[in-house]
Amino acid sequence: MSTRVRPDVSPEARPSTATGTGSDARSGSGPLDLTDLPVRSRTYWLLADVGNIVRRGLTHYRRQPVNIAWQLGFPILSVLLYGHVFGSAMQVPGGGDYRDFLMPGMFAMTMAFGFINTATLVVHDSTKGVIDRFRSMPMAPSAVVAGRGVTDLLVACAELAIMMLTALVMGWRPDAGPGFLAAFGLLLWLRFALIWIGVWLGLLVPNPEAAGGLFVVAFPLTMISSIYVAPQLMPDWLGWVAAWNPLSSTAAATRELFGTPVAGDSWIERHALLMAGVWPVVLTLVFLPLAVRRFRRLSR
Amino acid sequence: MSEGNGDGYAVRAEGLEKRYGEKRALDGFDLAVREGTVHGLLGPNGAGKTTAVRILSTLVRLDGGRATVAGLDVARRPREVRARIGLTGQYAAVDEVLTGRQNLEMFGRLFHLGGRRARLRATELLDRFDLTDAADKGVGTYSGGMRRRLDLAASMILAPAVLFLDEPTTGLDPRSRGEVWDSVRALVTGGTTVLLTTQYLEEADRLASRITVIDQGRAIADDTPDGLKNTVGGDRVEVVVADRADIPRAVEVIARVADGEPEADEAGLRVHAPVTDRVNALTEVARTLQDEGVAVEDIGLRRPSLDDVFLRLTGHRTEPPGVRDTSTSASQPKEAAA
Ligand SMILES: Nc1ncnc2c1ncn2[C@@H]1O[C@H](COP(=O)(O)OP(=O)(O)OP(=O)(O)O)[C@@H](O)[C@H]1O
Ligand SMILES: [Mg+2]
């Protein structure tokens, strides 16, 4: 690809504008030479492109710290409110401490709500024409989506770390060690699967406002799960639905790994660890192709 | 330095077809853009301008026909085409959160310039598009004109052989529009070929050396601005009367000197007709009207505008700037075009 670019326009080609600002003080010694761009493999550029998209995503957070504050504010507030307000009133099957029960649930919930973030960022880019610009460039189109995913996972790591610190301050005492790391991994695994739902929805909804409305869908989905209340304590049918909610498996599995397991009697509850691994695979198998198809449809 | 296949054309499209369900967005569209020129693509709302640009810039697949850009087939070699084009879409596609400089550096790295070169290129382009002062401010704070210029700068990062500009000045105030025009002219001086879509006849007239008129997905004319104007005839004498009742008399007077049937615009109190002997015709009409006691508001010679061309070719006018996407465009009688 070394010969495809033409030399830059000549210095006298500078537009003279009505404003007259930014005078003729041209930095450097003339137009940049664009004729000998490095030749590298496709894989190299794919990785480089993903890296640059991630860099862009993280720069967004750096330039708008308020966003990350908002994003973290909700889960931290939930930890504080649910922990203190309901802490004493809520019961846990088997008689554990509600706060130990709640914290892993909060972590899973934050991962779950993450898909709204992904969707919002994607819908912004697609409606503002940024995705089209990327697609008109010689970069790898898949890097647009992959970069989004990697960024969101990095942000999820930060979210989890901050929430866990808050929880520790509040007196949460999980088992340290490999179980802790495994729990962290399972939470990210859930978040990974939800990236595809987010990308798919982001390309599906017509505008950023509509993406905000996804919260209305997400909220009941987190309520009807084992995040706040153990399914055994719910009415039969609701408990059944809640137990089969993928979020419940991640919440239950991480409770186990943090050393505060909650016994359940149904098959799904007894296999929480397994299902916390399996559910995200299922979600990815369903939504990754949908997201890719939606992305491809942009060129229809 | 020729980027094309040696035939002197930077863009060539033959019989392009694009369907959206029942709707034929492009219906056998032809286009040929000479290297190193600004080519205007002029058409009303929904004519297919954006669709044509999106196909040529590899964003959407075509359903039929063939197109080459810089000598490369857009359907078969999209990646290579992308390395040779710049695109400024209908809406300024820059990152609102990043600064102007961060935008250009990001796009530069994504154009595979490498970090150091991307930084240098960003500085260079910021300077060239007069954005140095605002370089480190968030794009969210930019004016419409500045955003457009940043958008243009981003599509110029690789100094592309072909630049597509889709309605680059829509929604800009006159001053910003002038700034964008200046930038476009400068790019062409530097050797870039520009395909510019617009609804503004004035814009096509000012910038383009050749114009393709598109309506309902088909090219209905292709000529120089002057050539197009000549298709509606040469100069016209035009009279605006003070009183509607005088219109028939004005028609009668003008008919005596005119080459063709005078046209009357009742609402505008305007009567006009093509003439060859311009000065004599004008004097004659002025004197006769005065003799007959017709009160005249305005009288003059007028070169046909592209608007006239458009009316003649399509049977409907382009919408005046600022009333896009209103019901006027949808309710225009399109049958008259046939
Ligand atoms: N993605 C799409 N799905 C369905 N119809 C479409 C799509 N894109 C364009 N069209 C239709 O194709 C026709 C041409 O649209 P296009 O956007 O190319 O027109 P345009 O000349 O750019 O108009 P405007 O001046 O409004 O930008 C229109 O009737 C439009 O409704
Ligand atoms: Mg358009």
Side-chain angles (χ1 to χ4, degrees), chain A residues 1 4-28 30-34 37-38 40 44-45 48-49 51-53 55-56 59-61 63-64 67 124-125 127-140 143-144 298-300, chain B residues 1 3 54 57-61 79-80 82-87 89-99 102 106-107 109-114 117 120-121 123-124 126-133 138 154-156 158-161 175 178-179 182-187 189-192:
Chain A
M1 62 179 289
R4 64 176 56 149
V5 260
R6 57 169 54 214
D8 198 3
V9 296
S10 53
E12 60 272 22
R14 289 195 54 215
S16 58
T17 62
T19 56
T21 54
S23 68
D24 275 350
R26 212 171 176 14
S27 56
L32 197 64
D33 182 17
L34 296 173
L37 296 180
R40 297 253 168 70
Y44 174 90
W45 284 127
D49 292 343
N52 281 316
I53 297 287
R55 182 170 168 165
R56 164 188 182 234
T59 313
H60 272 203
Y61 284 105
R63 288 190 53 80
Q64 302 184 305
N67 275 14
H124 257 111
D125 278 356
T127 52
K128 293 272 159 69
V130 176
I131 290 188
D132 278 349
R133 159 147 272 149
F134 287 146
R135 292 199 309 125
S136 78
M137 292 169 49
M139 62 180 286
V144 179
L298 292 175
S299 37
R300 277 245 296 260
Chain B
M1 172 169 145
E3 281 278 344
R54 287 173 68 82
S57 54
T58 77
L59 286 181
V60 296
R61 277 190 292 274
R79 265 182 107 96
E80 290 157 88
R82 286 179 202 137
R84 290 167 167 79
I85 61 167
L87 170 67
Q90 200 163 340
Y91 307 98
V94 283
D95 190 311
E96 302 269 319
V97 180
L98 302 184
T99 66
Q102 286 172 333
M106 167 186 69
F107 287 123
R109 282 191 303 268
L110 290 171
F111 270 121
H112 302 164
L113 291 187
R117 231 192 291 228
L120 289 173
R121 186 66 175 149
T123 306
E124 195 173 58
L126 287 165
D127 177 35
R128 215 170 84 201
F129 286 88
D130 257 326
L131 290 165
T132 305
D133 292 345
S155 39
M156 287 308 297
L158 275 194
R175 190 182 107 171
E179 289 172 14
D182 285 340
S183 306
V184 172
R185 286 196 194 99
L187 296 177
T189 316
T192 299

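Chain naming here is simple, since letters A, B, ... match the order of the sequence lines and numbering starts at 1 in each.
By number of non-hydrogen pairs under 4.5 angstrom with chain B, the leading residue of A:G129, A:G51, A:A48, A:S136 is A:S136. When each of A:V130, A:D132, A:D125 is checked for heavy-atom pairs under 4.5 Å with chain B, A:D132 comes out on top. Chain A forms the most heavy-atom pairs under 4.5 Å with one residue out of B:D95, B:L131, B:V94, and that residue is B:D95.
Of the inter-residue distances, the one linking A:F134 atom CZ with B:L59 atom CG reads 13.0 Å to the nearest 0.5 angstrom. Remark: A:M137 CE to B:S57 OG distance equals 13.0 Å, nearest 0.5 Å.
By the side-chain contact (heavy atoms from CB on, under 4.5 Å) test, A:A143 is found to be paired with A:L46, A:D49, A:V50, A:M139, A:A140, residues two or more places apart in sequence or in another chain being considered. Every residue meeting the side-chain contact (heavy atoms from CB on, under 4.5 Å) condition with A:R63, not counting sequence neighbours, appears here in chain and number order: A:T59, B:V97, B:L98, B:T99, B:Q102.
Under a 3.5 Å cut-off, the side chain of A:R133 and the backbone N or O of B:A93 do form a donor-acceptor pair.
Side-chain contact between A:R135 and B:R54: present, with at least one pair of heavy atoms (C-beta onward) separated by less than 4.5 Å. Using a 4.5 Å heavy-atom threshold, the side chains of B:H112 and A:R40 count as separate.
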Item to check | Candidate pair A:R55 and B:R109, rule side-chain contact (heavy atoms from CB on, under 4.5 Å), full reasoning | outcome: CA-CA 11 Å; A:R55 182 170 168 165; B:R109 282 191 303 268; 3.3 Å; yes
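For chain B, the nearby part of A:L298 is the backbone; its heavy atoms alone come within less than 4.5 Å.
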